[in-house]
Each structure stands twice: as C-alpha cells, then as structure tokens.
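Proteins come first, then strands; the chains are lettered A, B, ... in the order of their sequence lines, and each starts at number 1. Only a predicted model underlies this, so the values are computations on that prediction, with no experimental measurement involved.
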Amino acid sequence: MSTRSVVPFGPHHPVLPEPIHIDLVLEDEKVVEAVPSIGFVHRGLEKLVEKKDFNEMVFVAERTCGICSYMHGMSYCAAVEHVMGVEIPERAKYLRTVWCELSRLHSHLLWLGLLADGFGFESLFMQAWRLREKILDMSEASTGGRLISSVNKIGGQRKDVDNAMLHSFVETLNQLEPEIRTMVRTFLEDSAVRSRLDGVGVLSKEKAHDLGAVGPFLRASGIPFDIRTTGYLAYGDIDFEPVTSSEGDSYARTAVRINEIFQSIDIIRQVVAKIPDGDVAVPVKGFPKGEYMMRVEQPRGEALYYVKANGTKFLERMRIRTPTFANIPPMLEMLKGCQLADVPMMVLTIDPCISCTER
Amino acid sequence: MSLFSFAKTEFKNLFSKPATRPYPQQPREYPERTRGHIENDMDVCILCGLCSKKCPTGAITVDRAGKTWSISGFSCIQCGYCVESCPKKCLSMKQSYTQPDAQKGTNTFVKPEQPAPAKPAAEAAKPAPAPKPAADAEKPAAVPAVPAEAAEPAAKQD
Amino acid sequence: MGIIAFLIFFPFLAAVVLSLMKKQSKARDGVVIASCVLIIAAAVTLAVTFLSSGRTQEYLVEAPLWNNLILAGEIFLMLLVFYYGFRYRKYYVVLLSAAGTIPIVWEELAGYGVEGKNHITVDYLTVIMCLIVGVVGSLICLYAIGYMKDYHRHHTEYRNRTPFFLSILFVFLGAMFGLVLSANLSWMFFFWEITSICSFLLIGYSQTDIAIRNSFRALWMNLLGGFGFAMAILYCTFVLKIANIQDLVNIGSQNGGATFVVVPVAFLAFAALTKSAQMPFSGWLLGAMVAPTPTSALLHSATMVKAGVYLLIRLSPAMQGTVPGLMVVLVGGFTFFAASVLAISQSDGKKVLAYSTISNLGLIAACAGVGTYESAWAAILLMIFHAVAKSLMFLSTGAVENCTGSRDIEDMHGLIVRLPKLAFVMIIGIFGMYLAPFGMLIAKWAALKSFVDSGNILLMLFLAFGSGTTMFYWTKWLGKLIAVPHSSRPHPDTIHRDERVTLATLASLVVILCILFPVISANLVRPVLVAMFHTTSLSVITRGDVPIMLLMMCMIVILPVAARLLTLGKKNKPVLAYMAGVNKGDDCTFVDSFGESKQMYLANWYFTDLFGEEKILKPCLAIAAAVIVVLMVVVIGGVL
Amino acid sequence: MEVWITVLKVVLFIVLAPFVGGLLSGLDRKITARFQGRQGPPLLQPFYDLAKLFNKQSLIVNKFQVFLIGGYVMFTVFTGCLFFAGGDLLLAFFALTLGETFFLMAAFSANSPFSAMGVQREMVQTMCTEPMILIATIGFYRATGSFMVSDIVKVGTSPIVYLPGMFIGFLFILTIKLRKSPFDLSTSHHAHQEMVKGTTTDLTGNIFALIELSEWYEQVLLLAYIALFIINRNPWSILAAVVVCLLCYFLEILVDNVFPRVKWDKMFRSAWIVTLIFGGVNLLAILFLNVIH
Amino acid sequence: MKMSKSPWLLHYDGSSCNGCDIEVLAATTPVYDVERFGVVNTGNPKHADIFLITGGVNDQNKEVVKQLYDQMPDPKVVVAIGICACDGGIFKECYNILGGADKVIPVDIYVPGCAARPEAIIDGVVKAVALLDQKREQMKAAESAEGGAEHD
Amino acid sequence: MTEQNPVNIEVREIEKANVLAEASRLHNEGYRLAQMCSTKVEDGYEMLYTFGKGYDLLHLRFTVVPGDKMDSISHVFPAAFFYENEIHDLFGVPVEFMTIDYHGGLYRTAEPTPFH
Ligand code: SF4
Ligand code: SF4
Ligand code: SF4
Ligand code: SF4
Ligand code: SF4
Ligand code: SF4
Ligand code: SF4
Ligand code: SF4
C-alpha cells in the first residue's frame, strides 16, 4: 500500500477565509498532487444583466468582491462609459484614482494580515488589520461604507469629496506610513518569517508569463506589467513605476505588495496635490450599444471587464475576468512539491479572491 | 535579518492603551456619510413607488391602498439608490444600522390621514411571536409587512 | 545431566523425525506439538531443578569422545558450506568457512588443544537462556504448524518444503541449547556455526533469487563472525592456555584491560556483534525477512541474535572499561540509535520489527559492554522481555499477513475493527516494546541509569535521542491499528488454533512478566549478577518505584471503567469526522474537486527524505564499521 | 508523618493545579491580547471556557476516543502527583510519555484527515522534546546525585548552577510542550493553520474539556520542572523559583507572539541541535568536572 | 456557569462577496476585539457554539453548510451575517443562489447590512450568546425529561 | 450627448475549425492567454478569445452552433483549461481534449448550464 495520504483541503478551512477545495495527495507533508475545485461561492452574477438594467448593475458589480469592491464598480462603469462614449469629468477621474488606491491599500494590508495568519503569526495579523482600520475609516468618511462604497455611477461619481477631507487623508497617511514601515520590517527582515517565505513557491519568469499570471504575482517574477502605466483615470498624470522583484518566491510577492503600499500612498499624495476642481459626474442619456473590454489594475492584478450591449437597457453580456482567475493555473504549478504547511502560503501569496473568481 | 523583530511593537502595545473601541458599552459615533438605514418622511412621500422599482434588492414595498411605505432592513443593501431616485427627496439615509434580530422584520411608515401636525410615526415593528423564519422565508422582501396592521393602531392613536 | 542431554539432543531427534514425515498430516502436527510441549517441559524442569539447588553445576570434565564428535561436526559444517558455496558460486563463503574452521581443526588435530575444566555448565544465565529458547522457541515452532499451511496456500509459487522447514527449526533450537549450555569455547563454536547455517537454510527457504541472495549475505556475515570466534579460540589456546569461556572472563575481569586478555575478548565480541546483527552487520537480519515468519520470529527473539547478546553478557565483566568494551558500547549504542531512526522510514511491518530488533540488541550490547552490575541487570532483563514481546509482534504480524494478504503497516489501518483480537494482541506487543510500565521500558530505564553512572556521554545521548525515535515508529504503528474507519467490516479471522494459542500465551507472558518482574529480577537475574560481579549491589530500580509501576498497570486495567465514570451522565452522540465540510457521510470518502466521491486515505509519515535507507543507511554502516576497524586495530596493535 | 505530608502534597496538586494552570492560561490570553493592542478577554476566561465545554453535548467519532482520552488525563495527572510526591523523575517522565501515547492514540482513532495529520506532527513534537527532557533529567542526577525529586530539592546549591545549558535547552523545548508559536504545529492554539485543530479536531464537549484540563496540569508540571532548577535547601529559593517560573512563562508568551509558526523540519532540526549543544555540552561539562563524585 | 461567557465561533463563507467575511475577521482584530466577550474564532465546527455564516447558499455549498452545522455540538446558534445570508441579498435572483442561510439550516439571529459592519456583528453575537443560555436550559430540561428512560 | 461608439475593440473573426491553429500561431509569436469568453447569441455561442503581448490585446472571435463541439487550446495555453471548463459548465458547449477536464464538476450549479 502506498504511503501517500489523500485528503480534502477545504472548502471549509480556517486558514482560508474563502471556500476553495483542493484534493491533496501527500507524502508525509509533501504535496505530490493537488487538484483544486471552485464553485462554492459561484452565484452567477454575470447573468443578472438580464434582470437588472445597466445602471443597477453597478451595485451588482461592486459586490463581485467586497475587498476591491470599489474597483469592480469603477471598472464596470468605465467599461459602460466607453461603450457609450461618455467622457467623465477630470475631478471624477482623480477621485476614482484616490479611491482605487485606498482600496489597494486596505487590500494589501488585509492580505499582509492574512499572510501572517497563514504562517501562524497572530500578532502580526492583528497589527496589520489594526492599521488597516485607519484606511477603512477614510473609506467610510468619504463614501459612507467601509468596504462597499456605492459611489460609482455611469458617468462619474455619486459623491464628491471636498479638498479639506482629501488633505486630511494625506495627513493620516503621512502618520500611518511610519507605522506601516515598522510593521513590514518584520515581514521583510525577521529571519523566522523569512524561513517561511524565502524560496517557497518559486514561479519562474517564463512560467509566470506563459501561464498567464497577473498583478503582484507576475511582477514578483520579474515582469514589470502594471495596467496603470497605460494611463487610465488619472494615472497618466502621475509619476510611478511598476514594482517588481526577480526571485519569484513568496518573499518576492510579499515584498512587491509591501512596496506597492508605499507606492499607493505616494500616488494618493500626488493625486491630491493635482486634483482639479469641478463636477464629479456628467449626465448620461440613452442606452449603451457596442462592446468594450476595460482593463484595470486591481490589487490582485489585471481585471478585464468585457461589456457587450445591444442598445436596450439590459446589457447583452458582462464578463469579468478577474485576476485570481488568471492566477489559479500558475498557482497549481507552485503547489506541486511544496509542503503541506506551505499550501496556505501558496494559496495566499496569489492573494486569491474566490468570490470574484467565481462571480 | 533579525529575530524578535516584532518585540518592540509588542512592548509598545503592552504599555499603551489598547486600540479596542469599547463598543457596545460606549455607543459608536459614525461619520456623517455612513450608510446605515433608510427613513422616509411620510409627510412628503407621495407613494409613487419609484423607489421600490429602483431598489436593486426589492427591499421597499409601497402599499398605496393601505397608505404605507415599508422597508425590510434585512434586504436593504444600503446603496442609497432609492434616496437618489425619489422625486420628492423624502428618503434619507441614516447613520445607524438596522439592529440584528431573530426575525427579519420590516420597518413600516404610515402616511398620516390629515396633514399631520406632529412628526411621522415610524415604528420598528416585528411580527410578535413569529413562526420559525425558515418557514416564511420564501420571498421575505415581497411579503407585505405583517406589522403594518400592528403598527397602525399606534399611528392612529395620535 | 539427563535433562541437559535431552535438551540438546531431543530437538535434533525431533528434526530427524520431522524431516522424514513428508506428508502433511495430523500425525506430523502431533509430533511438532508433542516435541514443543516436551521441550518446554524440559526447559522448565531444568529451571526448577536448578533453582531448587541453586548451585552452578558443571559436567563433562573429561570428554574426548565428545570432543572428537564435535570436531567431526565442524568439518561436516564446513563441507556443507562448501557445497552451497560451490553450488551457487559464492566462493567467498567457502573461503570464510575454511578460514574459520581449518585452523580450529588443525589446532585440535595437532594436539595443541587445551583441556578445559568442564564442557557443560549450568548456571543462572544458562537457565534464563534455556527458558527463553525453550518456551519462546517452542511456541514459535507451534505457531509454524498453522502458519506454514497458510503460507503455502498464499504462495503457491514456492515449493512446499514444510518438513525441511520444521526440522531446521528444531535443529536451531537444539543448537541454541547446545550453545548456551556449553562452557568450552570449541563446543560453543560448533553450535555457533550450526546456528549460522540454520539461519542460512531458513532464510533461503523460498529459493527465490532474493531469498538466496539474502541467505548468502547472512551466511558470509555470520561466517565472518565465526572466523572471529575461531581467532579467539586460537588465541586462548596458544597464548592463554585456556579452553573455557568462564576462565577467559575470570582472567579478564581480574586483569581489567590488560592487553593479553583483551584480544580474545575483542574477537569474541566481534563475533557476537555480527551474530546479533549490529551495524555494520545489520544487513543480514533485514534480509532475513524474506523467510516465512516463524523464521524471523525465531531469529529475532529466541535464537540467533540472542546467541550474540548471550555471549556479550557472558563476557560483560571482562569488558568493563576495556577497549573491546568500548567497541561494544559504541557500536551497540550507535546501532540502537541509528536503527531506530531507520525504522521510522519503513512501512513494511517486518522491516520495522527487524530494525527494532537491531536497535534493541544494540541497547543490550551496549549494556553488556558497559559491564557493570546495573548494566548487566538491564541487559538480561532487556533480553528476556525482548524475546517475548518481539516474538509476539512477529507472529501477530505474520498472522495479519495471512489474514489480509499484507504485512505493510499502512494496510493495518483500522485493524482494531477488522481483526479486533489480533489487533489487541499487537497493541499489547507494542505497549510491551516501549511503554511504561511494561518490561522493555523498565529495562531501558535501568540501562539509562547504568549509562549515567558509567559516565559515558555518548551512550546517554544515544539513549536520549534513540528513545525519541523509538517512540515515533512504534506510536505510528499503534495509531494505524487503533484508527476506526467507520465503514470497515470485520475481516474473516482465518488464523489457526495453534497460532491462536501461541499468540495468546505470548501476550499473556508480556503482561505476566511485567507484573512478575520483581520476582524474576530477584530470583533469576540477581544471582547471575552476583556470580558475575561478586557483589550484591542495591536494587537497580528504587524500591518505591515498583509499587508505583504496579499501580500504573492497574490504572491501565481499570481505565475502561474510569473512562465510563468520567463521562457518566453524558450521552455521547456519534457524529461524522470533520473533513472540511465535504465528508460524504461514511467517514471514508469525500466530495472531490470534480464533484465525485473520492476515497480518503491517511498514511503515516515516513520521512524518507530525512531518514530514508538510501539517505542514511550507508553512512551509518560506515561509521559503525570504522569504529570496529579502528578499535580492533587498537586491540591487535596493542599486542603486537 | 512523612507519608501524610506526601499525601497532602499530592492532594494539593490535584486540587490546585487546575486553578494555577487556568489562571496562567488566562494571564497568557490577557497578555497576548495586550501585546496585540487589544483589550482581551477577562482573566478568568479559561474557566468560563472549561465550564462551557463541560456543559456542551459530547459528539464522538467513536467510543475508543473516550477511553483513550481518559488514559491521557489519568496519566498526566498521575505524573504530576508522582512529581509532587517527590518521586522519581525518570518514572514521572515515563508516565507522561504513556499519557501522551494515549492522547496520540485518541487522535489516531478518530480517523479523520486533520486529526491524523495533527497526530503525525504531534509525534514529531514528542520526538523533538523527549531527548531534552531525558538529558535534563540525567543532568539533575549528575548534579544532585539522585533522580528523586524529594532529594533534588534538598541540595545545597541550586542545580541551575551546574545546569545552565540544560535550563536553556529545557526552555526551548518548553515552547514545544506548551504548544507555543513557533512550534504550535499540531493543535493550533492561536492563529489559524493548515491543520485546523489537528489532534483535537474531532473532540468535543466534555472530552475536549478534559484535554484542556490536563493541559493545565501539564503546564503546572512543566513549570514545576523549571522550578526544580532553582529550588535548594533554602526555603527562600521557593520564592525565587516562583519568580523564575513566572518569568519563563512570560518569556514563552513573548516568544509565542513574536514568531511565525515554523515548519516541522525546522522544529525538528532546531530542537535536536539545541538539545545536543546546550544539553550535550552541559552534560559533558558536569561529567568532566565530576560534580558529585 | 453560563454558556454565554465563552462563545466560540465558527465562520463559514457561504457565497458571500467577501465583504461580510472580512468584516467578521475585522471584528476579531484589535479595534473591535470580540475576544472581550470570550469569543474564540475556532475554525472547527466541533468546538464551536456560534455559527457565523456569510453569504447565501448555493447548490454546491448547501451540503457543506449543513454538514458543518450538524458537526456542531448542542447548544448552538446560527447567526446569518449580511443581507446575502439573510435572504440572498442582491444575488437572490441569481440562478445559483437558493436564498439565505435559513434555506438549509435554522438561523437564530439575522445581522443585516451590506456589508454588515463589525459593530453589527458584535450586536448579533451578543444577542446570539443570550440564546445559548436559553438553549442550554432547554437541553437540560429535555435531558432530565427523558433521563431515566434513556440511561442504560 | 456624444455619439455611441458601436465597436471599440479590435476583433479578428476566425473559423471555429482554425482555432487551434490560430492559437498555436499566436503562442509562437509570444502571446499569452488573457481571457476566453462565451456569449449566447441567436445562432449559437460567440467565443471571444483574448490574447496579450506586452500591453497589447488581440481578440479572436468565432461562433459555435448549438450541439457542435469545439477544440480545447489548453495544450497550447495551459491556463485555458480553466476557462474552457467554465464555458462547458455554464454554456454547455462541449470542449474536447482539455488537459484537465472536470466533466461538468467545476461549477456544480442547481441548474445545469444556466447560460445555455
Ligand atoms: S483573499 Fe479572498 S478570501 Fe481572502 S480575505 Fe481576501 S477576499 Fe477574502
Ligand atoms: S480581485 Fe478579488 S478583491 Fe479584487 S476586485 Fe476582484 S474580487 Fe475583489
Ligand atoms: S419614490 Fe419617494 S415619493 Fe415615491 S414612494 Fe418612494 S419615497 Fe415615496
Ligand atoms: S438603499 Fe438600496 S437597497 Fe436599500 S432600499 Fe434603498 S435602493 Fe433598496
Ligand atoms: S474506505 Fe473506509 S472502510 Fe474501506 S478500507 Fe478505507 S477506511 Fe476502511
Ligand atoms: S451582504 Fe453585501 S457585503 Fe455581505 S456578502 Fe452580501 S453582498 Fe457582500
Ligand atoms: S452539459 Fe452535458 S450535454 Fe451539455 S455539453 Fe456538457 S456534456 Fe454535453
Ligand atoms: S467535460 Fe465530459 S462531457 Fe463535457 S466535453 Fe468533456 S468529456 Fe465531454
């Protein structure tokens, strides 16, 4: 008889906040085979286009995922705006950029916490989430929701944020930055933490490219691919470089996300300094017709929002290719041969969002 | 590379006040924009039903005949779309959220018969001893609020 | 005297009779059963008569006839090896056999032989050995009756040579009795060589390629040991002018560490190390697994390897603080540790048992090598308990194999449900191997104390680390047995009555020995030590600890009742095992990634990357070999 | 008289140890929370938990579990009694191993994936800690001339003077024994992990409560072992021992909170290396100095 | 001693959008710190007293939800967190959403909100905890009622 | 209000039979898979495959008539298996020769092939 164990990992599993199931075949602690399964949170929201008109769909889109909720809503709106040929006001673009980066901040801090939880460092998890609360407070103050912002609409933003508040955000971020820096030192320099990250789950540059990885996952393998550099929203006016790292291991992915935290803070500072005055929305009339594929850089990587409309108030098709969907095949590549204790690491270092993956 | 790199933060935490908010002992102040629950100024509402049509989750029920407007806090996603869509601007988003409960109650507002002298009667009501929720959960949002009647006498009294 | 002659000759007689009974029949079974009963009775009689007199008895002071017979026997054995060596073209065994036997024969024929005082001695140690060989050995033979029937039913591809097999088993027993009763080194040598050849024949029983390869490995290693034995005899004859082992020991212990006695002691110790399968000679015992289970049981528990440690214990007083002592201590201690580490990576039940035997013998050897009163006490107790518990383990593993077709530990998953009785017996066996308050542990405890007192830090470390690894491999086996998979059905229990009797007897012996250990210690072991060390040291286990251990024993017995009390008033509701929410409802399958059901499987850990044979066996052998070579060179160099 | 004092000690242990253990756990949780910038649970929380667990329905996977856990509890408590009665350290160690084996068997018998994986790790943990405990025990013997606790506490100089390395080594494996990060590999006490709850995954209600309870006993026992390093003939040394125990416990809490969970192989290697270096070298030193003889 | 002093949580994400999930997690972190109430986030149904479920149920996870619920020892309460878990929320018209958690298991407390904020989750847990004591009493009563007959 | 832009992505229409050949060609040119999407249209299912090279996207479109099968491109682009299983499970379009075939088990929906 073989000395291999066959065990289910998930869908319920305390280390995975979201349900994902993996059939694990183990030899001692070594993973020799891993077949994933999703579908536990599949709702079928893409098909809601038949029941909700294209305006209402904003609320559905933002609930594709509660973490980068804002970005989902925004991407959807942007896609429809493109189809309809609507140009939104500059101030709205800048505001969208601020909220996008706030989302990225809270998402990355959240992820850092989950990663810490995944390798059993509870205090670090607590610290990360404690700092994250400050970001959520900003979200709540500006949008009225901690996670689900409900400020997007086709044609711009439903709410403006006055400059005083924006500057207070920058102020808060300035205070937060050194605290975050102190915390991330543990991720980056603590040798015990390094022992869990270094060389774990290496994804080579070639594999990362061929298997279609996106986001920090891809950038950590040395490919400077960041859709923000294409200059949508206000990114064209902002000075930033994609963060990359070359090792392609879990440590590199952690380091990339950490550097992106500081990059986001910097982007917000630049945006607030440059934000023009004016309206935050334009009126939109008529129904969309045509198709468009919107590309945005979400915290987890590039998301594609494909919208196809036929001139009625109901869209013909909305399809979301989320970053995690693209990242699962390369993740499988990493799982083989890792240790059981690394399985959560592997899953977490792609920063999975099963909710949006399954929609 | 270091060990115990986190100890400094820990000791700092140990000797400073915890970050914990003493909720619920101390009620929480919410920012002005916080989206909690919806209230209706029934003096102004014309029961046109537009809000109910726009609501993405069908949380609002407008009963023209019974002159009531009700909202299920357990269906509302606090998107504020109704507030935006209402032609009379009588809806408002309050900061406090609907309280958790053992039943998925609805909040019913009754249109005053006369131009009301006092404030509108808003009553959070729930079905009294209520059967197990699982049983009546088929389409909770669409169920015309049972407490409408229950709330009515109260409203009529003043 | 008569009883001694009976013990030595009767097994040979039984062997001859059995080899003539070609057909499987009730009569043959009857002969085996009768012989076993007679042997046990004889061994017990010997013990009783001896204990009632309590004096060391010596026989056959003058025995030229017997000397010549034994000489002839030695030549015969050599020729037998020649035959097999030429037949299978393994010429190195021929060489080794010749190198060992010819000098002895020459020495005897040329008249250099020294007349010892006596040829046969009965003392406490002999009696203990006779009891082990007689009782455990006979039980194994008894077990073999039923086992061999099943064996050939399962393995139709092998030629059925059961009569041959059974007769060799008895020859083996006879040789063992001869070995332990002999006082004369040449006589011992003769019986020593018989056991080598018997094991060779038994290991090669199935005559498959692997069996033949392994049997020759066993043969050459043991012949190498035999060669060492021969060298010791020559040295004793020519330099010391003695022929009896006891004389050697006496000289040795009186002239502790003097170079002139050290040489034969070293050679004998070397021989004993090969026979008790210490590293680097562990290979032969592992290879012995290919043989039918009774062989392994016999080799591992009652005979063969015990011959090695018996010799070491005999030599023990002469080894204290000497270079051979150091050699035995280091090799034994190291083997104890290394073999227990190696056992972790094995899933084959018999292989785990084999490594465990090697490991335990290492401990016994180390104790003997330390050569103090306490350590010898530990060594003897270890030997007794090991013989019983290990034979139980081997036989029950064999029974499981015959019932389920596999002896892999992984396949014993849930045995407690499938074969409850066998599993229970096995659990007793495993408890007996390493847990308090059972015998092995008590002995290990004493060993530890003696090591601590001897101040040998390496031994202390070996023991400390080795007990950790020992715990690991036994516990995971235990765990496999006790797992309760819900949908398992009881497996048809096909073990024969003879097997059942044997297993039940051995299992009870494990428990009884544990309870009776103070008695055994006082009445059997202590006198041995007194004779050896001429002192009466304090009891090794502090007096207060004995009742505590008996208390622990009682606690284990009353546990079921206590467990009931602890949960009194509670109704325990059965529920499915947690399987991440996808338990299919039978605790054995789960909903897999494709939405279908998949069989869950829970394997133990084996750490092959860390402790695998490929990884560490060679280095371990090399280390042990280096120790032996270096210290042998030191010993021999000291004389030259 | 002697006998009655011993009996009294045993009874005191049986009665008081859970309180001490529970309080220590409560302290642990409180300090941990404060380390994390949280307010944390009440100090008596562990007792509430225990009471709750005893009040829960007990769901079992099979009936062997109950029996085996019973064995675990009995022998853990028994070990403590033996220790506090001034018994033989080695015997106490063996009894503890026996108890541990029952615990392992209970986890095995559940036949569920997470219990099974947890128990494999638990065995590795035992393999990591056993050598150090044995070596420290040997150290006590070489330093004081006896394996008996009752004799060890009567020595003139605290054993720690001769056994500083052993003390450090023991502290190291104490982290494993107390299931603290970085070594809480088999039953995650704190942050979540791949093992779910490992060995205790399939234990519920009062059976699980018994596990908690025996962990308290074990905690007290382990700290008493630490105290053994300090105590000598001078009665004041008992106070010193209590202080040292508390400090050690605090240190363990700190370690628990500043480490991620390491992988089993790292634990295994580090535990053995520490044992070899601190335990082995110390042992060599006292053998060399031949402290007692 | 009251059950309510030591409520241990099991959290399962039905088919939520993560919004409520991470709020549940947030409730355990320093700013909200539900451990003040003795809450431990166990992650193991067999140790849990309170089942926090977020998101609605779909065809693939309903068995999982049921199984987790069944593996919890009595007394136990279920708290549905967020609109999705209350009635399917914005996804209730999706083809793969059966509805709220009460479609498969009895829900004791509903916590509204999209996403339910940590304060609401705390309120929900506090309400649930009170129920635990009640259920324990009922359990005891039931036990003593059938007690004599059942004991063997 | 501005004129609505009818098509604002560049799409290359191809034949269903050529999909594997086209995919291989793109793979050789250094493209990687960005997404695969199916849309239910009147005469069947419209497949939109998107490939990326650097920041450029390239779309291929073809139609599968109901009841017809299509070839998997997962041997060329390994990540495709995930998209293809999704298309199979949600739209009911059989995909042949996928590297990992869930046989309809990727999404175990109450209603099979809801987009059918
Ligand atoms: S990674 Fe996914 S599962 Fe984890 S918290 Fe974020 S959204 Fe939830
Ligand atoms: S990738 Fe995940 S977190 Fe980001 S928007 Fe999508 S669902 Fe939300
Ligand atoms: S839309 Fe406004 S006026 Fe009309 S029913 Fe709703 S609240 Fe009343
Ligand atoms: S806030 Fe949104 S969900 Fe709530 S009632 Fe208004 S429209 Fe409906
Ligand atoms: S499936 Fe279950 S019953 Fe069958 S062999 Fe495996 S564990 Fe035993
Ligand atoms: S209630 Fe809202 S936030 Fe919560 S899971 Fe549902 S959609 Fe997400
Ligand atoms: S769902 Fe069934 S019928 Fe439809 S394509 Fe797949 S296999 Fe064919
Ligand atoms: S999944 Fe199965 S049914 Fe569907 S195409 Fe593949 S083989 Fe055919």
- chain F heavy atoms under 4.5 Å from A:Pro36: which part of the residue, side chain, backbone, both or neither?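 Both parts, heavy atoms under 4.5 Å.
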message = Would you say that A:Met293 contacts F:Leu48 through its side chain, given a criterion of any heavy-atom pair below 4.5 Å between the two side chains?
response =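 They are in contact (side-chain heavy atoms under 4.5 Å apart), so the answer is yes.
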Which heavy atom of F:Lys40 sits nearest to which heavy atom of A:Glu316, and what is that distance?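 Reported closest heavy-atom pair: O-OE2, 4.3 Å.
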* Hey, which of A:Leu332, A:Asp210, A:Thr229 has the most heavy atom pairs under 4.5 Å with chain F? ->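 Looking at each of A:Leu332, A:Asp210, A:Thr229 in turn, A:Thr229 comes out on top.
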Worksheet item: Quick one: side chain to side chain contact (heavy atoms under 4.5 Å, CB included) partners of A:Glu33, sequence neighbours excluded?
Response: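 Checked A:Glu33 against side chain to side chain contact (heavy atoms under 4.5 Å, CB included); matches are A:Val25, A:Val35.
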Rounded to the nearest 0.5 Å, what separation is found between the [atom1] atom of [X] and the [atom2] atom of [Y]?
X        : Y        : atom1 : atom2 : value
F:Glu86  : A:His42  : CD    : NE2   : 7.5 Å
A:Lys308 : F:Glu46  : NZ    : CD    : 3.0 Å
A:Phe325 : F:Gln35  : CZ    : CD    : 9.5 Å
F:Tyr55  : A:Arg295 : OH    : CZ    : 8.5 Å

May I ask you to say whether F:Arg61 pairs ionically with A:Glu291, meaning some side-chain N is under 4.0 Å from a carboxylate O?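 Looking at F:Arg61 and A:Glu291, the cut-off is met.
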Practice item. Sort by residue number and list every member of residues 211-227 of chain A having a non-hydrogen atom under 4.5 Å from chain F. Key: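 The stretch touches chain F at A:Leu211, A:Gly212, A:Ala213, A:Val214, A:Leu218, A:Pro224, A:Phe225, A:Asp226, A:Ile227.
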- Message: Please classify the contact of F:Ala80 with chain A as side chain, backbone, both or neither, using a heavy-atom distance under 4.5 Å.
- Response: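 For F:Ala80, there is no contact with chain A at all, as no heavy atom is under 4.5 Å.
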Interchain contact, F:Tyr83 with chain A, by part (heavy-atom threshold 4.5 Å):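 For F:Tyr83, the contact with chain A is made by backbone and side chain together.
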For A:Arg319 and F:Thr39: C-alpha separation, side-chain torsions, deciding distance, then whether side-chain contact (heavy atoms from CB on, under 4.5 Å) applies. CA-CA 9 Å; A:Arg319 190 234 187 306; F:Thr39 306; over 6 Å; no
Original post:
With a cut-off of 6.0 Å (strictly less than), are more than 12 heavy atoms of other residues, nucleotides or ligands near CD of A:Glu241?
Top reply: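 It does not: A:Glu241 CD has 12 such atoms or fewer within range.
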Query - side-chain contact (heavy atoms from CB on, under 4.5 Å) evaluation trace for A:Arg317 with F:Cys37 - result: CA-CA 10 Å; A:Arg317 178 90 167 102; F:Cys37 166; 3.7 Å; yes
Please check if any side-chain donor atom of A:Tyr306 sits under 3.5 Å from a side-chain acceptor atom of F:Thr50, or the reverse.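 There is no such pair (donor and acceptor under 3.5 Å, judged by atom type) between the side chains of A:Tyr306 and F:Thr50.
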